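A short write-up of the structure that comes next.
Residue numbers start from 1 in every chain, and the chains themselves are labelled A, B, ... in the order their sequence lines are given, proteins ahead of strands. Nothing here was measured: the structure is a model prediction, and the numbers come from that model.
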Protein chains: 2
Amino acid sequence: MSNVTEAVGTAPVFAALGDITRLELVARLSDGKQHSIAQLTDGLDLTRQGVTKHLHVLQRAGLVSCERVGRESRFTIRPDPIAKARDYLARASAQWDDAIERLRASVEE
Amino acid sequence: MSNVTEAVGTAPVFAALGDITRLELVARLSDGKQHSIAQLTDGLDLTRQGVTKHLHVLQRAGLVSCERVGRESRFTIRPDPIAKARDYLARASAQWDDAIERLRASVEE
DNA sequence: TCTAATCGCAACCAGGAGGTTGCATAAATG
DNA sequence: CATTTATGCAACCTCCTGGTTGCGATTAGA
């Protein structure tokens, strides 16, 4: 996969993580268990509908999945996309680490 | 630093990376060298002003720095924040890897 | 069955994001 | 000095985001 293709897929993940509320939701979901909307709303200073919207953003980015059980909507974290994002940043840092190292070396020679 | 404090600082970085154009700009800047706005605009399908706005977003998030040299504004990548974001994701994945592993173990016992 | 809990959908709102255009300014160049 | 190059600032536009409220539907519990 080319860099561009990868970036196109990764950007929405970063966008989804680029909000404090959603970052908090991801943190709460990081126990790997299922959480209902009401449960996730508790302690957050916004409406259930507000939380619902954030959860849908996370879902569209592929970061969480949802399963309807009885009257509850249970959300679960989906590890893969975040792992991809992590690897993307890891490669990016490695890339400029190398570049900057080469620059420094060429200056000092 | 607490998890919340860290998230508050990291979210803007993710938000800045959550746009394909900015991701492309970061990629171009990852050679560690300085790039002018005109230079960065070349090849991107939007106006110089559009690129300028994106660069300012990156700058506000701390991802790049700008130095005025003659009539040029030269932008350089700033590795630290992205490294922080990378570490944040690395710890997050480690966290749920552990959690999921524990869940699986408790189910199988 | 009546009530409380949990949720979805739709409307609405203010503000910001992403993008453009027009114009003015400073610097390099012939 | 006249011109081109590179930029900044401001106004303007459309659309999305984050948030709310209101209401109806479904499920669980006494």
Side-chain angles (χ1 to χ4, degrees), chain A residues 4 7-29 33-77 81, chain B residues 4 7-29 33-77 81:
Chain A
V4 175
V8 168
T10 312
V13 176
F14 286 137
L17 294 175
D19 179 279
I20 297 184
T21 302
R22 288 194 291 269
L23 223 42
E24 172 67 25
L25 288 173
V26 168
R28 295 194 187 188
L29 287 162
K33 302 176 184 170
Q34 295 187 332
H35 296 262
S36 73
I37 297 179
Q39 185 179 339
L40 289 169
T41 301
D42 190 60
L44 291 183
D45 198 25
L46 74 163
T47 313
R48 169 183 61 91
Q49 290 303 332
V51 174
T52 301
K53 283 198 175 183
H54 282 299
L55 287 170
H56 286 161
V57 171
L58 291 173
Q59 191 173 21
R60 259 174 304 182
L63 299 187
V64 302
S65 63
C66 177
E67 179 192 3
R68 195 71 195 261
V69 174
R71 65 184 164 186
E72 291 184 338
S73 278
R74 298 188 180 161
F75 286 82
T76 318
I77 197 156
Chain B
V4 176
V8 168
T10 311
V13 175
F14 286 137
L17 294 174
D19 179 279
I20 297 184
T21 303
R22 288 196 291 270
L23 223 42
E24 172 65 26
L25 288 172
V26 167
R28 294 195 188 189
L29 287 161
K33 301 176 185 173
Q34 295 187 331
H35 297 262
S36 74
I37 296 179
Q39 186 178 338
L40 290 169
T41 301
D42 191 61
L44 292 184
D45 197 24
L46 73 165
T47 314
R48 170 184 60 89
Q49 291 301 334
V51 174
T52 301
K53 284 197 175 184
H54 282 298
L55 287 170
H56 286 161
V57 171
L58 291 173
Q59 191 173 20
R60 258 173 304 181
L63 298 187
V64 303
S65 62
C66 178
E67 180 191 4
R68 194 73 194 259
V69 173
R71 65 184 164 185
E72 292 185 338
S73 278
R74 296 186 181 165
F75 286 82
T76 318
I77 196 157

(Q) Is S73(A) close enough to dT6(C) that one of its side-chain N or O atoms is under 4.0 Å from OP1 or OP2 there? (A) no
Q.
Please confirm whether the shortest side-chain N or O distance from S36(A) to OP1 or OP2 of dT6(C) is below 4.0 Å.
A.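 No, because none of the side-chain N or O atoms of S36(A) sits under 4.0 Å from OP1 or OP2 of dT6(C).
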Compare the minimum distances between each of [options] and the side chain of [X], then state the nucleotide with the smallest one.
X      : options                  : answer
T52(B) : dT20(D), dT6(C), dG8(D)  : dG8(D)
H54(A) : dG19(D), dC9(C), dA28(D) : dG19(D)
R68(A) : dC7(C), dG8(D), dG18(D)  : dC7(C)
K53(A) : dA6(D), dT20(D), dG19(C) : dT20(D)

Please state how far atom [atom1] in [X] lies from atom [atom2] in [N], giving the value in whole angstrom units.
X      : N       : atom1 : atom2 : value
I20(A) : dT17(D) : CD1   : C1'   : 15 Å
D45(B) : dG19(C) : CG    : C1'   : 12 Å
L40(B) : dT7(D)  : CG    : C1'   : 13 Å
L55(B) : dG18(C) : CG    : P     : 13 Å
R74(A) : dA5(C)  : CZ    : P     : 17 Å
D42(B) : dT5(D)  : CG    : C1'   : 14 Å
Q59(A) : dG8(C)  : CD    : P     : 9 Å
E67(B) : dA6(D)  : CD    : C1'   : 16 Å

**Q.** Heavy-atom side-chain proximity of L23(A) to L17(A) below 4.5 angstrom
**A.**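 Yes, side chains in contact.
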Q) Between the side-chain atoms of Q49(B) and the base atoms of dC9(D), is any donor-acceptor pair under 3.5 Å? A) yes
Q | Base dT7(D) paired with R71(B) side chain (donor-acceptor, <3.5 Å) | A |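 Side chain to base: no pair present.
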Categorize [X] for me: base, sugar-phosphate, or nothing, with a 4.0 angstrom heavy-atom threshold over every strand shown.
X      : answer
R22(B) : sugar-phosphate
R48(A) : base
G70(A) : sugar-phosphate

Q. Can you tell me how far the CZ atom of R28(A) sits from the CD1 atom of I77(A), to the nearest 0.5 Å?
A.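 Between atom CZ of R28(A) and atom CD1 of I77(A) there are 13.5 Å.
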Q | From CZ (R22(B)) to CG (L55(B)), nearest 0.5 Å | A |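 If we round to the nearest 0.5 Å, R22(B):CZ and L55(B):CG are 10.0 Å apart.
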Q: Please check if the side chain of R48(A) supplies one atom and the backbone of T41(A) the other of a donor-acceptor pair under 3.5 Å.
A: no
Q) Is the backbone N or O of Q39(A) less than 3.5 Å from a side-chain atom of S36(A), with the two atoms forming a donor-acceptor pair by type? A) yes
Q: For V69(A) and for T47(A), locate the closest nucleotide of DNA chain D by heavy-atom distance; then report the residue assigned to the nucleotide nearer the 5' terminus.
A: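 Comparing both residues, the 5'-ward one is T47(A).
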